[in-house]
Each structure stands twice: as C-alpha cells, then as structure tokens.
Student: 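Supplied in structure tokens, the structure appears directly below.
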Amino acid sequence: MRCRALIAAFLLLPGCGLQPLYGGGSGSPVAATLRSVEVAPIPGQSGWLIRNKLVDRLGESGAGAAQYRLDVTLDDNITSFGLRSDRAATQERRTLRARYQLVSLPTGTVVLDATAGSDAGIDIVSSEYATVAAEQTALENLSDIVADQIVTRLALYARRTQAAK
C-alpha cells in the first residue's frame with residue numbers, strides 16, 4: 001500500500017508545475033543571463049570579498065557583451081553587547097547587508113532593486129588575535145551567504161524574464 005502511494009505521488013509531481021531553475025545546465029537561458037552580468041567594483045575589504053564571490057558564482061563573464069551591470073552597496077557593522085561588570089563586552093554581532101541593483105546596459109534602467117543580508121555572533125575572548133580572527137571568519141562566512149542570496153535572486157529574475165518572452 002505504501003509503495004502504491006509513493007508511486008502515485010511521483011506520477012503527480014510533474015503536474016504541480018515545479019521546474020528546475022537551472023534546467024539545461026550551463027546552456028540554460030538562466031545560466032546565460034547570469035553570465036551576462038558584470039559586477040561593478042565594490043569598495044572595502046567586504047566589498048572585495050563579495051565581488052569575488054559574485055564573479056565566481058555568476059560564471060564565466062566575458063564570453064559576450066555584458067547585458068547587465070550589478071551595483072552593490074554594503075553596510076558592514078560590528079556591535080558589541082553582553083557587558084560584564086567592568087564594562088568589557090563579551091560578545092559581538094557582525095551584520096552584513098547589501099543593497100543591489102541590476103541595471104540593463106542597453107537601456108540604462110534598473111530592472112531589479114533588492115537587499116540581502118545576514119548576521120553572525122562572535123564571542124570575545126581574552127586573546128585579541130583570536131577575536132580578530134573570529135571577526136574575519138564571520139565576514140568571510142557572511143560574504144558567502146549574501147553572495148548566494150544575491151545570485152539566487154538574480155537567477156529568479158532571469159527565470160521570470162525568460163518565461164515572459
């Protein structure tokens with residue numbers, strides 16, 4: 001009985017309308033659109049990290065003329081909290097937020113304007129080196145998360161625009 005229910009579920013699955021985002025692999029229209037995005041320079045260390053991660057995730061640009069430019073503005077903050085009786089902080093929260101705009105180069109119009117972000121908690125320990133290393137690791141991890149959010153949103157935009165054509 002359980003086997004029949006499982007088979008019925010698999011037979012009904014195509015009817016739900018789900019389609020793979022990257023259907024067709026690297027030759028799909030979504031992948032081609034992502035490769036046509038050039039990432040503008042982003043100032044600062046966090047900008048350098050995010051830009052490199054975006055370029056890696058968007059694929060091999062330069063195969064043709066860029067159709068889009070991605071402009072990203074970052075807000076990277078570290079807030080101390082958890083004060084001890086001697087007023088020394090025991091924890092920090094690192095927050096990385098990105099506002100990004102996808103600009104169509106042929107028309108110069110902004111076709112996508114959105115935000116992405118994440119945060120991480122950091123324990124402050126007696127070693128200053130360990131605390132700085134933890135802050136750096138948090139920035140690298142947050143950069144991964146934010147870059148993934150941006151690329152996912154760009155892929156959804158590409159999928160919607162391809163479906164509209």
Side-chain angles (χ1 to χ4, degrees), residues 6 8-80 92-122 131-165:
L6 188 59
F10 279 123
L11 292 175
L12 292 175
L13 189 60
C16 72
L18 288 177
Q19 296 176 341
L21 185 59
Y22 294 101
S26 63
S28 71
V30 171
T33 302
L34 292 179
R35 283 193 304 271
S36 71
V37 175
E38 102 183 356
V39 182
I42 309 168
Q45 178 190 16
S46 56
W48 178 81
L49 282 168
I50 289 278
R51 185 177 186 286
N52 285 344
K53 291 174 187 300
L54 286 170
V55 169
D56 287 345
R57 286 164 173 76
L58 291 173
E60 303 167 9
S61 61
Q67 296 297 312
Y68 299 97
R69 182 185 70 243
L70 182 63
D71 296 326
V72 181
T73 305
L74 293 177
D75 183 24
D76 181 16
N77 289 318
I78 298 178
T79 306
S80 299
E92 294 176 334
R93 173 146 318 273
R94 185 162 206 161
T95 305
L96 184 63
R97 302 278 181 251
R99 176 168 185 232
Y100 57 96
Q101 295 179 320
L102 186 64
V103 179
S104 173
L105 292 178
T107 63
T109 59
V110 175
V111 295
L112 178 65
D113 188 352
T115 59
S118 190
D119 58 355
I122 303 166
T131 301
V132 170
E135 291 172 352
Q136 183 63 31
T137 300
L139 176 60
E140 292 170 8
N141 292 337
L142 292 173
S143 297
D144 276 331
I145 293 167
V146 170
D148 286 341
Q149 290 175 0
I150 292 172
V151 171
T152 300
R153 184 71 169 94
L154 294 178
L156 290 172
Y157 168 79
R159 178 69 170 175
R160 267 199 327 267
T161 58
Q162 294 301 321
K165 289 182 181 180

Student: Once you round to the nearest 0.5 Å, how far does CG of L34 lie from CZ of R57?
Tutor: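 Here the interatomic distance stands at 12.5 Å.
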Student: Taking the side chain as C-beta and beyond, is there a heavy-atom pair between R51 and W48 under 4.5 Å?
Tutor: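 No. Closest side-chain heavy atoms not under 4.5 Å.
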Student: Answer yes or no: is there a side-chain heavy-atom contact under 4.5 Å between V72 and L54?
Tutor: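 A side-chain contact exists here, since the closest heavy-atom pair is under 4.5 Å.
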Student: Does the side chain of E135 reach to within under 4.5 Å of the side chain of L139, using non-hydrogen atoms?
Tutor: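 No; the side chains remain at least 4.5 Å from each other.
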Student: Check for a donor-acceptor pair, side chain of R94 on one end and backbone N or O of I122 on the other, with a separation under 3.5 Å.
Tutor: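 No; zero donor-acceptor contacts below 3.5 Å.
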Student: Which of these, N77, I78, D119, sits in a side-chain contact (heavy atoms from CB on, under 4.5 Å) with R93?
Tutor: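 Option passing the side-chain contact (heavy atoms from CB on, under 4.5 Å) with R93: D119.
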Student: Among T95, L96, L142, which one satisfies side-chain contact (heavy atoms from CB on, under 4.5 Å) with S118?
Tutor: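 Of all the options given, the one that passes is L142.
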Student: Would you call R99 and D113 a salt bridge, using N to O less than 4.0 angstrom?
Tutor: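 Looking at R99 and D113, the cut-off is met.
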Student: Is it true that a side-chain atom of Q67 and a backbone atom of T33 form a donor plus acceptor pair closer than 3.5 Å?
Tutor: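 A pair under 3.5 Å: no.
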Student: Using atom types as modelled and distance alone, determine if a side-chain donor or acceptor of T137 lies under 3.5 Å from a backbone N or O of A134.
Tutor: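 Checked: no pair found.
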Student: Would you say that Y68 contacts V111 through its side chain, given a criterion of any heavy-atom pair below 4.5 Å between the two side chains?
Tutor: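 Heavy-atom side-chain distance check passes, below 4.5 Å.
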Student: Roughly how far, to the nearest 0.5 Å, is NZ of K53 from CG of D56?
Tutor: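 Interatomic distance, D56 CG to K53 NZ, rounded to 0.5 Å: 8.0 Å.
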Student: CD of Q45 to CG of D76: how many Å apart, nearest 0.5 Å?
Tutor: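 It is 8.5 Å, given to the nearest 0.5 Å.
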